[in-house]
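Below is one structure, written out as structure tokens; comments come after it.
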Amino acid sequence: MDSLICYLPNKVNIYEFDWLFLTQPPKRYWEETENTDQRRPEEEQGTAVQNQNKSTVKERSLKRKNGESLEKKDPFSGEAPIPHKQLQKFQRGEKYKVPAGARQRLKEAIISSEAMSELAQKQAARYDLLLPEDAGFLEGDEDEDTNTISQDDIADAADITSGSKVYVIAFSLYLLKKLQIQKNVFVCNRHLLVGGKKGHVACIDWQSKDLMCEMNVMETVNDVKWLHTEAMFAVAQKRWLYIYDSKGLELHCVKKFNDVLRMQFLPYHFLLATASATGFLQYLDVSVGKEIAAICTKMGRLDVMSQNPHNAVIHLGHPNGTISLWSPNQKEPLVKILCHRGAVRSLTVDKTGTYMVTSGLDRKLKVYDIRAFKPLHSCFLPAGASCLSLSQRGLLSAATGDIVQVYQNVLGSSPVSKPYMAHRLQGQIWGLAYCPFEDVLGIGHGEGFTSMIVPGAGEPNFDALDTNPFRSSKQRQEWEVKALLEKVQPELIGLDPGQLSKVDQASFEQRHKEHVEALGFDPLAKDKFKPKTKKKGRSSAGAIEKRKRKVAHEDQRDKIRQTVQERTERDKEQKEKSNEKKNLGNKSTLDRFRK
Amino acid sequence: MAADEEELSINEQAISASEEEEGSDDERKHKKLLEAISSMGSRKRKKQNERSEASVQVSEFFVNAEGTGEKVNLSDLLGTVEKTSGASNKTKKQLRNLQSSKETLELPLNKQQTEKIQRGIAYEKTAAEVSCWRNIILQNQKAEQMVFPLNQESSGPKRVEQVVAGWKVQTPLEQEIFRLLHINSQPVDDPVLTPVEEQSLKAMSLEEAKIRRAELQKARALQSYYEAKAKREKKIKSKKYHRVQKKAKCKDFLKQFDEMVKTNPEGALEELKKMELSRMEERMSLKHQNSGKWAKSKAIMAKYDDSARKAMQEQLQMNKDLTQKIVVPSDDEHESNEEGLETIPDFVNDSEPVIDSVNPWMRGQLTHEESEVSCVTTEDVQTAEEENEEEELVGEFERKRKLRQADEEDLIPTEEEQPASEVVEEDVVEVSDKEEGDDDDEEEEEEEDVSEFNTLFRLMRSEKTLEDGFLNEGQIRVRNIEDLEVLGEVVDPQPIAEPSLPQAVAVEATSEPPNKKKREIDLKEVLTKEAKAVKVPFLPTVVDEEERDEQISIIKEAFAGDDVISDFIKDKSKREAAGRPEVVDLTLPGWGEWGGVGLKPSRWKRKRFRIKMAPPPPRQDQKLPDVIISENRNASVASHQVSQLPFPFQNTAQFESSIRTPIGPTWNTQSVVKNMTKPKVITKMGAIIEPMVKEDFIKNKTTTPGGKGPAIMLGENKRAKEGTKRSSEKHRGRSQKRRK
């Protein structure tokens, strides 16, 4: 095989692979500044200095004649300039200019806040230099499609550790139904959770291939999902929802959640969202074990589910070709989109929450811009895609029958014409999941579980404060505490995650109405008049009624009284005015001499 | 009066003296009585001094002082001045004036008023005194961070000068050294440049200045020459000369422009822009259009005068020239095009046009239909489909055979060979029609004539067949390679022969009244839109049996009437209707007119008492026919939101922009987070926070910080500085006392 396969494993084996690339020394910022055009003042100064140098050759020569150039200027004076692109990447919102005629305090407030945000932006852009890794890729020969390159070839060409990531686990006894690779703790090298359709559940340490636990729940397993750490996972069984720990010990049986078909875990909210066969969408707060919301969707069986990682909105696909978006705070769908002519088979949302990819029974694959709810493009897949999965870097894998196809640049502007990679397996494919921060795709199929190397799938640079793939157990514990402290409340879930930073512009009445609805009573309402009990027969029913009548409709009466008074006053005034006019009219010119 | 009394008293004394001589008691007593009576009338009762003691010797010089109890009048004292000749007239006059003026001093104000005035003055004084604090207070209020105690010495390493500042020259040797340094004006504290060096530097700059001046002089001279020349030329009255000059200039400019196109395309572009601008101006104005005064007069003359005609034509020609469009050289166009092709537009920036190209709602040609109408049509379609199903079953085998034939002709469908870029360039309509096959290309021309129902029906039919194809997929068994390819073709929509349209249905569809109110956007169009087929290396061989059965049942459920779309439209219209406010009907039947069974309130009344509410703001999904966006407010977030603008901000945009940057460590670097969340006040543990002393901030203003002043003081300075030092010591002492 004479095709060049450039496969760059993310972090692990970068040194072994140096021979594949023309190694270059790392770029310094001054090298970069020559190429990038920047509009920063420092840079402008720099260019100005250069221009001066060109124009004043005479002066220089003069100085040299004297034999001394006294001023030695620092060629890189000031801070290191930041490329404009990088700055733009971290720009948050538009800069606000101080309006003309603003008061002093306002001016100061705006200026200080602007300065602060600028500083934050600059610093963030500067630290962006510390993301040194590049993603891998696969490149074929001139007349060779990348999708014809087999996994074996890739495994041969790649280093040993990467190659060893291709393997097959055969669960011959049980048909696999769903698998999930844990998100937070990364790495499928560590923790892989596999659930078979006939009740077989297994946790495997992916890297060392150690079996953490394996059991048979003796029931149909609909879905399996890791919770926030690898210590716990949820299994949707035939009737109830169960939660096990990593040893396979049953921790909870949540009987409020029945007939669950699909689950999604919202990591920042600690919410487990479940969709059931009865059409209920339920949210379980994993940190306190409370049901946050139960929404009757009235859409029938819910077996297509996905989450938008950007705003934690749950996407459900329905047999009538629509996709609905849900938050736990609203009883009706936030948005309903008609996507397919047939039932929706699978859907997935990209990491940034910009694109949604759906596939339906009409064998179409559609890409939506879910910020505008507009279709970008669609393509026709033979046999249709039963499973979809997007990697961290936007590679789409679609399962069509027994073939896994991986597409590149699906989220771009133009529709794809051919897959980036393809791989045939034995038996129908049931589940697909990418391993975060690794170039590996896990495939659950009729014969077992297979992993596949997809160069360029994983994000090469990770944020160790958010998800550290190499963390120790101590670090995991610390992370857990921190994550719990920073837990986002479920009330904040909505289409626009930036809603919180906006001023609520509802009127007082509306807010009051909502308040009353939330409380169940009106806190501003007047107390109802309760007549005192009096003695000596004065508290008879009739007397009480009379006393009540005295007070009844008091506010209304007040209003009436007030309006009547106003009206009489107005009338009076008018009368006076007219009288004056009359008097004026009666006066003769000679009246002015009268004393 | 006073004079009389005096005389009287004098007389009395005289009398009393004589009486004493006679010694008659009675007379004296009588006189006394008389006096007493007379004195009772007068205001002042004068005490008569009387010697009551008997004495042997009575001196004749013993004079009883007259008016001992009386005040001395000014006139008494100044009476003599009048007479003295030595005194000047001026003083005399003044004295006279003084005598005549009878003004008295006013009474002093009462206590309350004086106190009030005093308080006022005191307030002003203290206000002035206190107001010197105002600036520092304001400054502290505005300060982002205050560190108490205020005048802390900064921890960490210090500069040498600061450390040395306290140190004084003590030994004679040191004194000698520093004196020498001073004399030679060497820097003592800051190792910068010596004055000599500075001077030399200045000398350098002088030379430069000279050069500069010479340059400037030259430039000025040139300018003056140029100006003079221009003036001279301007004075020339010959029209011909100017004309020739103008033409020359024009030529020159053209040459320059040609060069510029080659060398400096940007400049050329600018020039072009200028030309364009002048063209615009020309087109706007009536300057060369033979409509001016001169032109009219010439027009009259034109009949007889050849030159006038010529002049007019020239003017028109000028107009033509100026308004002619500038043609850009075609080579550039090619280049730009190629560039455009090469650069792949960033998706985020160019998403809109892409959407437009794909999205049929954004196309110019929109199909229109009302929802009810669509329902009707779907029903029609249904019936048609039922009819067709039999045909299909019959035609299925035939189709397969056709496919195989097509395979033999060309193994790979042509469409798949087209590169992606071409597809993008293709007309959108074409793309959408790809599904329908090649036949449609001919029909495309007639598309405008054929009613939309017709096309819609066709689209739906093709869709249906596709689905059927999918459902039938299980029946195909792979036996050999050829079959496998056939399978691929089945999957591919293109080769599927378009079922012949039942003419009757089409006619029915067309015969429906076309000018019914139409829905702006057609949903069906959207969903039956083009989709690019994807070429895959392998083809699926296994179709799971279990799932398929399920799917078929689901499909049957879903397509129970194939009215998914109309259902959706109904749902949407229902939501829209719910959002609209209802008309409030306040008519009272029988009020002001006859009422009863079968009688309706009159029309004018209904009109008058029906109150129409203002229409709600447009829905978010107004322009998205396949989307329903809920208009409900998210009240749960509202409880966490800011509902009232905080103080200095005047509108929400200002406030929102001020909080747009998150302060958490997730989004920021460590240093920025620290900076953003630093506390307003920091106090040092265990340190006593003294109240601020006036000297602290006043000193800051007047005296310079230690770095700039001389670090080491010599004899003369010592005295002056000691004073301040003493005060600071005092201050320290006070603080120590407090500590005790």
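Worth saying up front: this structure is predicted, and the values here are computed from it rather than measured. Labels below follow one simple rule: chain letters A, B, ... track the order of the sequence lines, proteins then strands, and each chain is numbered from 1.
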Chain A: which of B:Val637, B:Asp571, B:Val673 shares the most heavy-atom pairs with it under 4.5 Å? B:Val637
Using non-hydrogen atoms only, which part of A:Ile323 is less than 4.5 Å away from chain B: side chain, backbone, both, or neither? neither
Is it the backbone or the side chain of A:Gln330 that comes under 4.5 Å from a heavy atom of chain B, or both, or neither? side chain
Does any heavy atom of chain B fall under 4.5 Å from the side chain of A:Gln510, the backbone, both, or neither of them? side chain
With a 4.5 Å cut-off on heavy-atom pairs, point out which of A:Leu500, A:Asn329, A:Val503, A:Ile337 contacts chain B the most. A:Val503
Walk me through it: do A:Lys122 and A:Glu118 pass the test side-chain contact (heavy atoms from CB on, under 4.5 Å)? CA-CA 6 Å; A:Lys122 262 188 194 174; A:Glu118 198 177 329; 4.3 Å; yes
Using non-hydrogen atoms only, which part of A:Pro99 is less than 4.5 Å away from chain B: side chain, backbone, both, or neither? side chain
If one checks every heavy atom of B:Ser658 against chain A at 4.5 Å, the contacting part turns out to be both
Output for pair (B:Phe647 CZ, B:Gln650 CD), nearest 0.5 Å, gives 9.0 Å
Name the region of A:Gln489, side chain, backbone, both or neither, that has any atom closer than 4.5 Å to a heavy atom of chain B. neither
Atom group of A:Glu332 that falls short of 4.5 Å from chain B, counting heavy atoms: side chain
Option that, when pairs with chain A are counted at under 4.5 Å, heavy atom only, ranks first among B:Thr652, B:Ile663, B:Thr666, B:Asn668: B:Thr652
Flag, side chain of B:Gln641 to backbone of A:Ser501, donor-acceptor distance under 3.5 Å: no
Salt bridge flag under 4.0 Å for residues B:Arg575 and B:Asp621: no
Under the side-chain contact (heavy atoms from CB on, under 4.5 Å) rule, what do A:Ile111 and A:Val98 come out as? Steps first, then yes or no, please. CA-CA 7 Å; A:Ile111 286 169; A:Val98 181; 3.9 Å; yes
Got a donor-acceptor contact below 3.5 angstrom from the A:Lys336 side chain to the A:Thr322 backbone? no
Between A:Leu325, A:Leu334, A:Leu365, which residue shows the highest count of heavy-atom pairs closer than 4.5 Å to chain B? A:Leu334
Residues A:Lys95, A:Glu114: salt bridge by 4.0 Å N-O rule: no
At a heavy-atom separation under 4.5 Å, does B:Val627 approach chain A through its side chain, its backbone, both, or neither? both
Could you tell me whether the side chain of A:Ser359 and the main chain of A:Ala385 form a donor-acceptor pair under 3.5 Å? yes
Side chain, backbone, both or neither: which part of A:Gln121 has an atom under 4.5 Å from a heavy atom of chain B? neither
Side chain, backbone, both or neither: which part of A:Tyr96 has an atom under 4.5 Å from a heavy atom of chain B? both
Within the side chain of B:Arg660, is there an N or O that forms a donor-acceptor pair under 3.5 Å with the backbone of A:Glu94? yes
With only heavy atoms counted, which part of B:Phe655 is less than 4.5 Å from chain A, the side chain, the backbone, both or neither? side chain
Assert top hit (heavy-atom pairs under 4.5 Å, partner chain A, pool B:Asn632, B:Leu645, B:Asp567) equals B:Asn632
Presence of salt bridge, B:Asp626 and B:Lys572, under 4.0 angstrom: no
Kindly say whether B:Ile629 contributes a backbone atom to a donor-acceptor pair with the side chain of B:Arg619 at under 3.5 angstrom? yes
In terms of heavy-atom pairs under 4.5 Å with chain B, which of A:Gly321, A:Ala124, A:Pro333 leads? A:Pro333
Quick check for you: among B:Gly664, B:Ser639, B:Pro648, which has the greatest number of heavy-atom pairs under 4.5 Å with chain A? B:Pro648
Test log, rule side-chain contact (heavy atoms from CB on, under 4.5 Å), inputs A:Glu486 and A:Val488: CA-CA 6 Å; A:Glu486 286 178 351; A:Val488 185; over 6 Å; no
So, the part of A:Ser327 with a heavy atom under 4.5 Å from chain B: the answer is neither
